[in-house]
Structure formats: C-alpha cells, structure tokens
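Below: one structure, written as structure tokens.
What's counted below: heavy atoms across the whole structure, side chains too, no hydrogens, waters or symmetry copies. Here is the naming used below: chain letters follow the sequence lines, and residue numbers restart at 1 for every chain.
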Amino acid sequence: MKRLPEKKEISNYIIQSSEDEIKRIALELHEGVGQTLYSVFTGIQLLEANMTDHESKRHVHEMNEILEKTIQEIRFLSVELHPPTLSSLGLLPALKSYVNLYKATYGILVEVEQVGQEKPLPERHRIMLFRVCQEALGNIAKYADTHQVEIKVNWEKDTVAIVITDYGIGFDVELNRDKPGLAVMHERMKLIGGNCVITSTLGKGTTIQLNLPLQ
Amino acid sequence: MFDKTKHYEYIMDICVTTLHDVDCDFVGFAFQNQIGPDIKWHVVAGNQNEKYKHITLRYGKGIAGRVISTGSPMTIEDFPHDILGKALEYPIMLAEKLIYAYAVPIHFNGVPKGVFLIGQRVRKGLSEAEKKVVLKQARSIEDTLSV
C-alpha cells in the first residue's frame, strides 16, 4: 500500500510552493516591471532635458518624480518579498539588505554582526532562516517599543546560531506561546531541523535564538 | 521646498500650537527632501521617541504615503483594526503608538509633496471644527513653503 505523506512533508510542500511563487513574483517585480519602468524613466528624463516650454517641462518633471518613487517602491517590495541576494550571495547579504530597508521604514536601528565565515546552506534553509528573522523583526516593530536591535550570526563548525536581541518592553513568553507570530517561528525552524528559543524579561527586552545544525 | 534653516521654526510653532488647540498627542510634518525623491518627517511635536528621524516614508504605503500619493486627506479610526493592508505598513502609527490619526496633504506648486498628521494615543477622534483647524494649519504651512 502506498505511504501517505506525513504532516511535516505536507507542510514543507505547502511552504516550498508558496516560497517559489513569492520568489517568482519578487524576481518579476525586480527584473521585469522594475527594469521596464526604469527604461521609461530614463526616456522621460531625456525628453524633459530637450523641452523648452517651462510649464510642460515642470509637468513632465513631476510625472518623472512619481515614476522614480514607484520604481523605488517596487525595489523595496521585491526586497521584502525575497531579496535577490538571498539566492545569489547568501543569508547575511540578504539580511543586511532587508535590515537597511527595515531601518528606513521603522526608524529602528539594527546592528548586524557576523562571527565566523558564512557556510553554504541549502536555499530552503536560507529562506527559512531569513523568514524567521523577518518575522522576528516585524514583531519587534509592532510590539517591542524599542529603537535598537542587535542580530548576531554565529557560524560554527556544525551549526549556525542567530541571536536577535531587542531592548524593548519584553513580554510573558508562556502566555503568548501559542500566538501565531511566535508559533510560526518555532514551526519554520522545526521544519528545517533547527530550533527557536525565545526568552523575554519585562522591561528589559527579548532574545530570540535560532539554531540550525549544518548538514 | 522645505528648507530647514528657513522654515523649521515656523512649522514647529504650527505643530506646537496644533498640539494645544486640537485634542491630540502627536503632530508631525513630513515633506520631500530638497534633493531626491525621499520623504522624511522633518518637524514633530508630542513625540515619544526619535524614530521619526530615521523613517523614510514609503510612497503609497501607510497613512502618510497614501495621503501623498492620492493628494487626499485620510483618517485611521482605530489602528490596527479596519486598515488597508497590514499594520506593518503604518510605521508612524507603530513608532508613536497612535490609535487614531488624521492626515492631510501639503501641496507645493499644486502637487502633494508632504503631509501634516495629527495623532491620538487614546482614541477620541477629531470634531469637524478640529479638522478645520488642521486644514487651516496645513494651508499656513503651504503658504510658508511657497515663499
């Protein structure tokens, strides 16, 4: 009799399918729509430079400014969905690229520190670690009431450990254990064979430690 | 355009006056930088922290970004409930822990280039008379910037 897929396999399949789709959309936004709009932007710049009527020139300039902001927003959206560097350069460059956008969006200063040399990880693991960090940073922006976050990525021989520390208001971990924002981080780490440990002290802040054995 | 050396004090006066005249906890003025397309919070009153200094508004996102892209006033009645998009798309509401906000566009040469935002940390809402005060203050800012 044919074996039915286990719950973990189904979860993995669902997450993988949705990640593939997110990556496709991010790439299409960055390389497709973004590039096309950029071509239009430079074309309009050229037209503007050759215009003599002051009023029309001002009008075209305003239109091009809106186009410039739209191109910028498309780039930001693409980084939020799936940083192009995540597939090409690795976890840390992708994390740094997202952190820059995060700082400019929420005004929260994030320091990223790496200890050791980044080791090659399967793309699925890179994506999962990135998503958990993204979820943690999102939770910090929403609930932590902090202006400072530290991320330490520690590459050891057999494991990679990521420690995210905010210095915010903290919360009761036990009371909130089943909240989707926390449960999803535990679940994602479990699916790739890692774990997630959250500790928090009221008034002092929260630490999220992600551990993943290297294959 | 907004020039810090020329306009900061006058706009800060407007923000502080609005904070007293209107039942609110936070008043902010964001405007496009002199160079480049970035829009920043340049003048605020009633702030709880300095996060606003590092925030760059996202065009078309959140209350301020939407007010600038549409050129129309916008109200958030009960953040984070009943909002367009996700709570994470509203950085100034999160940064200043606002529950209610009313924002109006600031035009320059007829084009929306900035936003004047009034926020409350305890939801009370603004009366029509108070909204008129906010609009009047926004027009004063526009007049100052055009000089």
Distance-only donor-acceptor screen, chain A against chain B, under 3.5 angstrom:
{"unit_1": "A:Arg58", "atom_1": "NH1", "unit_2": "B:Asn109", "atom_2": "O", "d": "3.3"}
{"unit_1": "A:Glu62", "atom_1": "OE1", "unit_2": "B:Lys113", "atom_2": "NZ", "d": "2.9"}
{"unit_1": "A:Glu65", "atom_1": "OE1", "unit_2": "B:Gln32", "atom_2": "NE2", "d": "3.2"}
{"unit_1": "A:Glu65", "atom_1": "OE1", "unit_2": "B:Lys113", "atom_2": "NZ", "d": "2.4"}
{"unit_1": "A:Glu65", "atom_1": "OE2", "unit_2": "B:Gln32", "atom_2": "NE2", "d": "3.2"}
{"unit_1": "A:Lys69", "atom_1": "NZ", "unit_2": "B:Gln32", "atom_2": "OE1", "d": "3.2"}
{"unit_1": "A:Gln72", "atom_1": "NE2", "unit_2": "B:Asp38", "atom_2": "OD1", "d": "3.2"}
{"unit_1": "A:Glu73", "atom_1": "OE1", "unit_2": "B:Arg58", "atom_2": "NE", "d": "3.0"}
{"unit_1": "A:Glu73", "atom_1": "OE2", "unit_2": "B:Arg58", "atom_2": "NE", "d": "3.1"}
{"unit_1": "A:Glu73", "atom_1": "OE2", "unit_2": "B:Arg58", "atom_2": "NH2", "d": "2.9"}
{"unit_1": "A:Glu73", "atom_1": "OE2", "unit_2": "B:Lys61", "atom_2": "NZ", "d": "3.2"}
{"unit_1": "A:Glu80", "atom_1": "OE1", "unit_2": "B:Arg58", "atom_2": "NH2", "d": "3.3"}
{"unit_1": "A:Glu80", "atom_1": "OE2", "unit_2": "B:Arg58", "atom_2": "NH1", "d": "3.1"}
{"unit_1": "A:Ala104", "atom_1": "O", "unit_2": "B:Thr56", "atom_2": "N", "d": "2.6"}
{"unit_1": "A:Thr105", "atom_1": "OG1", "unit_2": "B:Arg58", "atom_2": "NH1", "d": "3.4"}
{"unit_1": "A:Tyr106", "atom_1": "OH", "unit_2": "B:Leu88", "atom_2": "O", "d": "2.7"}
{"unit_1": "A:Asp145", "atom_1": "OD2", "unit_2": "B:Lys97", "atom_2": "NZ", "d": "2.8"}
{"unit_1": "A:Thr146", "atom_1": "O", "unit_2": "B:Lys51", "atom_2": "NZ", "d": "2.9"}

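Counting non-hydrogen atoms of neighbouring residues, nucleotides and ligands closer than 6.0 angstrom, the CG atom of A:Leu202 exceeds 12 such neighbours.
Using a 4.5 Å cut-off between heavy atoms, A:Leu101 touches chain B through its side chain atoms alone.
Atom CD1 of A:Ile140 sits about 13.0 Å away from atom CG of B:Leu94, to the nearest 0.5 Å.
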